[in-house]
Amino acid sequence: MPQPEFDPEKLKLIPREFYDRDPRRVARALLGKVLVRREKKTLLAGRIVEVEAYLGAGDAAAHSAAGRTARNSVLFGPPGHVYVYFIYGNHYCFNISCLPDGQAGGVLVRALEPLAGVEQMMKNRGMAAVAGDMQSLRMISSGPGRLAEALGITRERDNGKDVTCADSDLVVVEDGFRPRKIATTARIGITKSAEELLRYVIAGNAFVSGKRA
DNA sequence: ATATCGATTATCT
DNA sequence: GATAATCGATATG
């Protein structure tokens, strides 16, 4: 199933209330939804297949753990907004804020299954723009840094944007797809609160980050 | 096949 | 000055 069915005409924008709850619930509910970047001429889209929840209070691994700062301020704002951070001097990571205004919390989107604009996304990733094999498709957006690069997401361009706004160029929509089964694991790459099981993936999906699918 | 490591910089101590 | 919600390259069995 290399190119899954995807009809850009029957997409429904996800409302702000969706994000106005515990990041763990938002994270699970986001699996199977579609992240869409609207460029001038091209539409870039991918199905969310891997996420992590970052809680507000009591989550030492969360960027919000030590309180509000200039960087993490979006996490403390209203739900449904884009939080982008720059990490390891190399990569941007895309998150969506959760919980009501004043309460920190968010979901890190870690992997997408490419649905539309594959050629442009490969170009954004600096990949040879021909291959349609599984291996190449996996390299496009199987990982937080990768998907951000594929969609052209940067802090400068996107931090603070509203993903629930119809005229935004970065939105989350739903197309009716429901994950068959969700697996829960520990979050990747953190040192604090590393045991918490707050990573969620669509079980068996080939575009989840890491070695095996 | 797995393991280790360098890149490169915003952010916070 | 140290660290970091990563990736891709290189080394090693």
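Below, read A as the first sequence line, B as the second, and so on, with proteins coming before strands; counting in each chain starts at 1.
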Checklist entry - Taking CD1 from I190(A) and C1' from dT6(C), how many angstroms apart are they, rounded to a whole number? => result 14 Å

Item to check | Whole-Å distance separating the OH atom of Y83(A) from the C1' atom of dA4(C) | outcome: 11 Å

Item to check | Length of the line joining I87(A):CD1 and dT11(B):C1', which is rounded to integer Å | outcome: 9 Å

Checklist outcome for this item: Whole-Å distance, Y92(A) OH to dT6(C) P, equals 16 Å

Checklist entry - Does OP1 or OP2 of dC12(B) have a side-chain N or O of R68(A) closer than 4.0 Å? => result no

Checklist entry - Quick one: are F207(A) and L137(A) in side-chain contact, heavy atoms under 4.5 Å? => result yes

Next on the checklist: Hydrogens and angles aside, do Q120(A) and T42(A) bring a side-chain donor and acceptor to less than 3.5 Å of each other?
Outcome noted: no

Checklist entry - Is there a side-chain polar atom (N or O) of R110(A) under 4.0 Å from OP1 or OP2 of dT6(C)? => result yes

Checklist outcome for this item: Whole-Å distance, F86(A) CZ to dC7(C) P, equals 13 Å

Item to check | Over 12 non-hydrogen atoms of neighbours within 6.0 angstrom of CD in E195(A) | outcome: no

Item to check | Cationic N near anionic O, under 4.0 Å, E149(A) to R125(A) | outcome: yes

Next on the checklist: Taking any heavy-atom pair under 4.0 Å as a contact, classify R71(A): base, sugar-phosphate, or nothing.
Outcome noted: sugar-phosphate

Next on the checklist: Students often get this wrong, so: under 4.0 angstrom with heavy atoms, is G89(A) touching a base, only sugar-phosphate, or nothing?
Outcome noted: base

Next on the checklist: Check this for me, if you would: do D169(A) and R157(A) make a salt bridge, where the nitrogen-to-carboxylate-oxygen distance has to be below 4.0 angstrom?
Outcome noted: yes

Checklist entry - Nearest-Å distance, CG (L75(A)) to P (dA5(C))? => result 12 Å

Next on the checklist: Pick the closest DNA chain B nucleotide for N90(A) and for R155(A) by heavy atoms, then say which residue is nearer the 5' end.
Outcome noted: N90(A)

Item to check | Ring-base stacking, Y88(A) with dA4(C) (5.5 Å, 30° cut-offs) | outcome: no

Checklist entry - Counting side-chain heavy atoms from CB outward, which of dT6(C), dG8(C), dA4(C) is closest to M139(A)? => result dG8(C)

Checklist entry - Taking atom P of dA5(C) as reference, at what distance in whole Å does atom CG of L147(A) sit? => result 16 Å

Item to check | Nearest-angstrom distance from the residue atom CG of N124(A) to P of dC7(C) | outcome: 16 Å

Item to check | Presence of H91(A) side-chain N/O under 4.0 Å of dC7(C) phosphate oxygens OP1/OP2 | outcome: no

Next on the checklist: Reading 5' to 3' and counting Watson-Crick or G-U wobble pairs with both distances under 3.5 Å, write the dot-bracket notation for DNA chain C, | for bases paired outside the strand.
Outcome noted: ||||.|||||||.

Checklist entry - Contact class for R125(A) vs. all strands (heavy atom < 4.0 Å): base, sugar-phosphate, or nothing? => result sugar-phosphate

Checklist entry - Using a cut-off of 4.0 Å on non-hydrogen atoms, how would the nucleic acid contact of L108(A) be classed: base, sugar-phosphate, or nothing? => result base

Next on the checklist: Check the phosphate of dA5(C) against R199(A), side-chain N and O only, distance under 4.0 Å to OP1 or OP2. Yes or no?
Outcome noted: no

Checklist entry - In terms of side-chain geometry, is the basic nitrogen of E196(A) or R187(A) positioned less than 4.0 Å from the acidic oxygen of its partner? => result no

Checklist entry - So does T69(A) get a side-chain nitrogen or oxygen closer than 4.0 Å to the phosphate oxygens (OP1/OP2) of dT11(B)? => result no

Checklist entry - Do Y85(A) side-chain and dA10(B) base share a donor-acceptor contact under 3.5 Å? => result no

Checklist entry - Is a salt bridge present between D158(A) and K161(A), judged by a nitrogen-to-oxygen distance below 4.0 Å? => result yes

Next on the checklist: Could you go through F94(A) and Y92(A), starting from their C-alpha distance and side-chain angles, then the distance that decides it, and tell me whether this counts as ring-ring contact (aromatic ring centres under 6.0 Å, His included)?
Outcome noted: CA-CA 7 Å; F94(A) 169 83; Y92(A) 290 98; over 10 Å; no

